[in-house]
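I have placed the structure first, in the form of structure tokens, so that the comments after it can refer back to it.
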Amino acid sequence: MPSVVTANRLTDGIVVYLAADGEWTEEIANARVADDEAETKALEAIADNAVRERVVVGPYPMVVGLKDDGAIDPLSVRERIRAAHRTTLTKDWYDVPL
Amino acid sequence: MYRYDEFDHAFVNERVAEFRDQVERRLAGQLTEEEFRPLRLRNGLYLQLHAYMLRIAVPYGVLSPRQLRQLAMIGRKWDRGYGHFTTRQNLQFNWVKLVDIPDVLAALAEVEMHCIQTSGNCVRNVTADPYAAAAVDELEDPRAWCEILRQWSTLHPEFSWLPRKFKIAISGAAEDRAATAFHDIGLRIVRGPNGENGFRVLVGGGMGRTPYVGQEIKSFLPKEHLLSYIESILRVYNLHGRRDNIHKARIKILVNALGIDKFREDVEADWEATHKDAIDLPEDEKRRIMSYFAPPELPERPARDEALAARRESDPAFANWYKHNVLPHRVPGYASVVISLKEPGRTPGDASSDTMDFVADLTERFGHNEARVNYTQNLILPHVARADILELYEALAGAGCATGNNELLGDMICCPGLDYCNLANARSIPIAKEIAKRFEDPARQEEIGKLRLNMSGCINACGHHHSGNIGILGVDKKGTELYQITLGGNPKDSASVGTIIGPGFRAEAVPQAIDTIVDTYIDNRHEGESFLETWRRVGAAPFKEALYGAR
């Protein structure tokens, strides 16, 4: 099953995803998708190293869906909210329908 | 209000320096996340869904204009221009960066605020009746006792690592406006047998996955024994509370496992053995703290204002706001005014930096330099001259803060839920907004009357759903958000835990379900009967029938 690795950035806590270039991105669209278990393990190893390097905290792999156009679908409500970064406004009706 | 002395300033500043060093060591790799986590939590810093969240204690809910402006500044400079007032009289910032936290704490220390013990298994921010020193039914101001407990419990060496967190609330009035029965310890100031004031002590109340109403452990505790008696309660809990299972670690579980009589016996035995030698609060120290809570000098103002009466006649919106958000004050010519943070469309409890600055201005113009935070997530100006109310209303209306829904259905308590919180299973804010939209018409809310609707996005119950007349609990059922509804909860006197009415509802069906419940109440109520009274008289059957009859 396709998976990506996500975490929170150490310095500001913002949700990030491990990208294809080995950097961490705030955009789930730029996340590197692992197609099988071995590839997921490899991504996790990169993430563990990023923890040691104090780039991110709490990394974990998550199963995603892939839409017809290749776009990454975070599947769960929780992960959709994380990927959206902000789903509600202080004084307005909510802005990101899920 | 209380002012830090030299010792308080030095203590908080040392703590800021200590945490600055800990953050630097974390960023430099000298501390792992596992090592750093308990240190940051002790300073109120969580890592939530999207970012770090900083929980700032507002001791017993009292804020000065200077503090409000500093909070507004912090929100602008280091967050995204808003904060969230919580159900424990705290303020949370949702987007602060770890690297900025030491500066934020230093800015808080400048205005005598901090985040110490807003997390962790220790005694948390002691909460109080937000109408202290203003309410007509008050026997004694609870805030001085909150401050005494705060000073006693801060870094208390014996109680810094309790089995679980510990929450205390105090009310000094006839009506319980601090939800004391839902706290680990609830204190009610009552008149004793000889006419002197003391405490009725409740223990073992709480929400979460196992809700309990607190039980009376002592009907009257002389005030001079408050610290030693609470110490004995905490000591028994510290010794016998469960540390093997986080879900069974709160004092409510111990009290209910032992039974209140056995628990009382243990506490009394400890108290007998220790309190005779214990130094309770020295009299001069008590007097020193009490002196900070002298009521404000309120110059004589007219008790009746003709312009107010005329405006109520001519302006229904004003009349509605006045009816619900202006409360009687014990000094003739004055009132307490609720500034609702529940305008339809607004996230309940959120306040922008602009709003904080605005309220700071209002406290100076109309409020004798004091604002309060209610656990129902609104702000209050406790001391406003009735003759100033019209001008205050104009200012509030101009800023979109004149929603007249205090204690009505629109005055929902709502936790941050899955939109922010790492523990949540379901969203609560969008549901609250949809309900607010459904009941936006003030006439509809007026028809319904007082009604407490509380909502939580998970079983931890930060949104107090158990004590809502109508409670909504968001759960995750196989990847779908589902909302369980409870009826009959009550946070006040004759407190009760709500009963689950039946199977849960999908998010989009919740507003209609609330509408159905409200209609059933209106159809069944006798004249003048509150939701709770109707519920207690007719029971669950008509509500079940209305909600599920067609299924």
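What you see is a predicted model; the values in this text were computed from it and never measured. In what follows, chains carry the letters A, B, and so on, assigned in the order in which the sequence lines appear, proteins first and then strands, with residues in each chain numbered from 1.
Proximity to chain A is limited to the backbone of B:Q48, based on heavy atoms less than 4.5 angstrom apart. In this structure, chain A has heavy atoms under 4.5 Å from both the backbone and the side chain of B:L27. Interface residue B:A28: only backbone heavy atoms are found under 4.5 Å from chain A. In this structure, chain A has no heavy atom under 4.5 Å from any part of B:V23.
Proximity to chain B at a heavy-atom threshold of 4.5 Å picks out nothing from residues 32-47 of chain A. Chain B is approached within less than 4.5 Å, heavy atom to heavy atom, by A:R54, A:V57 from residues 51-67 of chain A, ordered by number.
B:R506 pairs by the salt bridge (charged side-chain N to carboxylate O under 4.0 Å, His left out) definition with B:E508, not counting sequence neighbours. Qualifying salt bridge (charged side-chain N to carboxylate O under 4.0 Å, His left out) partners for B:R55, counting only residues two or more places apart in sequence or in other chains: none.
Residue B:T347 comes nearest to A:L89 through the heavy atom pair OG1-O, 2.8 Å, listed as atom of the first residue, atom of the second, then distance. Scanning both residues, A:R86 and B:Y82, for their nearest heavy atoms gives NH2-CE2, 3.3 Å.
By the neighbour-count criterion of 12 heavy atoms within 6.0 Å, atom CG of A:D69 is densely surrounded, having more than that number from other residues, nucleotides or ligands. For B:R37, the CZ atom is loosely surrounded, since the number of other residues' heavy atoms within 6.0 Å does not exceed 12.
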Exercise. Let me see the working for B:L49 and A:I81 under side chain to side chain contact (heavy atoms under 4.5 Å, CB included), right down to the final yes or no.
Key: CA-CA 9 Å; B:L49 212 58; A:I81 288 171; 3.8 Å; yes
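Between A:R82 atom CZ and B:L418 atom CG the span is 10.5 Å, to the nearest 0.5 Å.
By the 4.5 Å heavy-atom criterion applied to side chains, B:K433 and A:T88 are counted as neighbours.
Applying side-chain contact (heavy atoms from CB on, under 4.5 Å) to B:Y52 and the options A:I14, A:T11, A:L10 leaves one that passes, A:L10.
Side-chain contact check for A:R78 and B:N422: at least one donor-acceptor pair (N or O, by modelled atom type) lies under 3.5 Å. A donor-acceptor pair shorter than 3.5 Å can be found between the side chains of B:D419 and A:T87.
Ranked by heavy-atom pairs under 4.5 Å with chain A, the first of B:S352, B:A426, B:G29 is B:G29.
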